[in-house]
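Please read the structure below before turning to the comments.
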Amino acid sequence: MFPEYDVIVVGAGHAGCEAANAAAKMGAKVLLCTMNMNTIAQMSCNPAMGGVAKGQIVREIDALGGMSGIISDKSMIQFRMLNRSKGPAMWSPRTQNDRMRFAEEWRLALERTPNVDFWQEMVNGIVVKENRVVGVKTGIGLEIKAKSVVLTNGTFLNGIIHIGEKQFGGGRTGESAAKGITEQLVSLGFEAGRMKTGTPPRVDGRSLDYSKMEVQEGDSQPEKFSYSDETSPLQEQRNCWITYTNKSVHETLETGFDRSPMFNGRIQGLGPRYCPSIEDKINRFAERERHQIFVEPEGWNTVEIYVNGFSTSLPEDVQHKAMRKIPGFENAKMFRPGYAIEYDFFPPTQLKLTLETHLVGNLYFAGQINGTTGYEEAASQGLVAGINAALKIKEAEPFILKRSDAYIGVLIDDLINKGTEEPYRMFTSRAEFRLLLRQDNADLRLTQLGHQIGLADDVRMEKMLDKKSDTSKLINDLKQKKLSPENINMGLEEFETATIREKVTIEKLLKRPQLGLKEIMNLDSEIKTYLTKYPKEVLEQAEIQIKYESYIDKEQQMVEKLNSMENFKIPTTFDYLSVPALSAEGKQKLHKIKPETLGQASRISGVSPADLSILTVYLGR
């Protein structure tokens, strides 16, 4: 009935879709298994993509040739660039999306990919021979052969949904949990744990009074995620709104604490620190009189509203009563209550940097199974796992992104070397080279890598090279072109910056904090005519590179110093337990994680500088 597949992807969420798409585009024959063909790429929680650091990840996925950026652009209803008031390392694109269109666009994209087949059924086990995965087992007893398997089970592994004192099995509301895989993996020697996440109620937008809320509009000049020409910025956008909880809301919520699964011990898993439930917020931050609530439409035409900031597992009657005390929600009609969900995960220290497991060859984990939270983190892991599954079959070099290459590299490096005891979320503060890893230059950093492995096409490569060439030419011109005092001094006074006594290059003027290319265009009409022939992204790139040149150079020097350690390979057969001088903890951690380079070894929690010196000596021998 089935051929032998190159790659079987289990789960069709954000990680699974990216894994299947990447492997298929690289020439692998792929089977995507899902329990429900109608929920492919479901936005299980908020209908949005990107945000702080997450937006950088979506751009990186796009630059490598993944699909999350394109799908987000095709389904967005609002675009905002967050943190514009800060430096460019902090700028983070975010889209509000049409939930139904997002899922539809992903499914159609996968159906248009010739190498992807689909199978709707629960996968309840893998087939392992001689410590290597050779297929999967399904609920009705089928065995489907494969050269590699990518598990992207999301919240479905032994999922339990909690609403007040009620609890029932499920991977998402209205959908069954997946059983069998955890138990089998534990029997094979894997370590498993439990985590928790949650989602807020959805309400009828027709029952809300928006006049009592603050309007949150999209950017006046919206951009998009994808660097390709396949998508366009929005011409029209939908508004979101902001309102706040109050003391009365908090008091009403507290009446349900005795029935809360979070407080009475029924939930054992750790929840996301940076996206806590509303009951957790008012318990932990009792001194705060109010908390922000974002009122987000679920799409262009639906009346359903996502109540962002009101995630909860309290009884539904308490949720409803408390919500109706929020300004604008006095007559709110609930479509469905919020709930918490507990699920199995596998500590990611059991993986290689390719996301292949140490214990079972050709088996890859991606997404929430690795202890992460968020669509973007999941999608990026799916992309890397799919790429590496396809490369391993070809016996090609693995695809590994360093911390200095991408936020995706930071994410995977953190997971594997540090592990996580709570759902991991990406932040700009996690990246030590964040000025190099900006959202505006992801194409310059990564498109060539995507092209080399056969994922980013020739058109993308040419577009990136044109941008690089144009930026280089513009920077060179800005270093040569000079402006005269008599032409610009009046304008400089208006911008509250010092006047000049002799001709000055545009590059020097750009170093001033008060001036950007937009302001310089207003100083001199001839320069304005010259600059307007360049695309917006080239102007932005040139300005950032000139303004932050010294800081970028410093980070680049740090990267070069660290690269000597990153390039120091450790043989896979190296026996750490036989090195007597290593500390007991160092031996244990190194033996478990099996770092591939000295640089990776240096970032493992519990490996001391002394351990590193000893290791260097032994490896040098």
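Side chains included, hydrogens not; waters and symmetry mates left out as well; all remaining heavy atoms used.
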Are any non-hydrogen side-chain atoms of [X] and [Y] less than 4.5 angstrom apart?
X: Lys592; Y: His358; answer: no
X: Arg94; Y: Met49; answer: no
X: Ser68; Y: Glu376; answer: no
X: Glu60; Y: Leu401; answer: no
X: Asp62; Y: Asp443; answer: no
X: Thr354; Y: Phe399; answer: no
X: Ile126; Y: Lys137; answer: no
X: Thr152; Y: Val150; answer: yes

Would you say the side-chain atoms of [X] pair up with the backbone N or O of [Y], donor to acceptor, closer than 3.5 Å?
X: Tyr364; Y: Leu351; result: no
X: Ser404; Y: Val559; result: no
X: Gln368; Y: Asn153; result: no
X: Arg59; Y: Asn441; result: no
X: Ser226; Y: Ser228; result: yes
X: Thr597; Y: Lys569; result: no
X: Gln350; Y: Glu191; result: yes

For residues [X] and [Y], is any side-chain donor paired with an opposing acceptor at under 3.5 Å?
X: Gln600; Y: Asn417; answer: yes
X: Asp98; Y: Ser75; answer: no
X: Asn370; Y: Gln381; answer: yes
X: Ser148; Y: Asn362; answer: no
X: Ser44; Y: Arg172; answer: yes
X: Ser608; Y: Asp611; answer: yes

Would you sort out whether Lys147 and Val133 count as a side-chain contact (heavy atoms from CB on, under 4.5 Å), showing the intermediate values? CA-CA 7 Å; Lys147 293 172 184 170; Val133 72; over 6 Å; no
Between His591 and Asp575, does the side chain to side chain donor-acceptor pair (under 3.5 Å) criterion hold? Intermediate values first, please. CA-CA 8 Å; His591 178 71; Asp575 184 8; 5.2 Å; no
Salt-bridge contact [X]-[Y] (side-chain N to carboxylate O under 4.0 Å):
X: Glu596; Y: Lys352; answer: no
X: Arg403; Y: Asp414; answer: yes
X: Lys29; Y: Asp117; answer: yes
X: Asp6; Y: Lys392; answer: no
X: Arg603; Y: Asp413; answer: yes
X: Glu104; Y: Lys74; answer: no

Minimum-distance pair of heavy atoms, taken over all atoms of [X] and [Y]:
X: Met426; Y: Ala53; result: CG-CB, 3.6 Å
X: Asp405; Y: Arg445; result: O-NH1, 2.9 Å
X: Ala177; Y: Met122; result: O-CE, 3.2 Å
X: Cys33; Y: Val123; result: CB-CG2, 3.9 Å
X: Ser605; Y: Glu585; result: O-OE2, 4.4 Å
X: Tyr576; Y: Leu615; result: CE2-CD1, 3.8 Å

For a side-chain hydrogen bond (donor to acceptor under 3.5 Å, both in side chains) with Ser92, tell me which candidate from Arg438, Gln56, Gln439 qualifies. Gln56
For the pair Lys54 and Glu377, evaluate salt bridge (Lys or Arg N to Asp or Glu O under 4.0 Å) and give the outcome as yes or no after the intermediate values. CA-CA 7 Å; Lys54 292 167 175 277; Glu377 290 90 341; 2.9 Å; yes
First locate atom [atom1] of [X], then atom [atom2] of [Y], and finally report the distance between them rounded to the nearest 0.5 Å.
X: Lys463; Y: Asp457; atom1: NZ; atom2: CG; result: 11.5 Å
X: Glu183; Y: Ile181; atom1: CD; atom2: CD1; result: 9.5 Å
X: Glu105; Y: Asn97; atom1: CD; atom2: CG; result: 11.0 Å

For Trp119 and Phe2, take the angle between the two ring planes, folded into 0 to 90°, and tell me which bin it lands in: parallel under 30, tilted 30 to 60, perpendicular over 60. perpendicular
For the pair Phe102 and His14, name the ring-plane relationship: parallel under 30°, tilted 30 to 60°, perpendicular over 60°. tilted
Between Arg202 and Tyr306, is NZ or CZ placed under 6.0 angstrom from the six-membered ring centre and within 45° of the ring axis? no
Show your reasoning for whether ring-ring contact (aromatic ring centres under 6.0 Å, His included) applies to Phe346 and Phe365. CA-CA 9 Å; Phe346 290 83; Phe365 291 173; 5.6 Å; yes
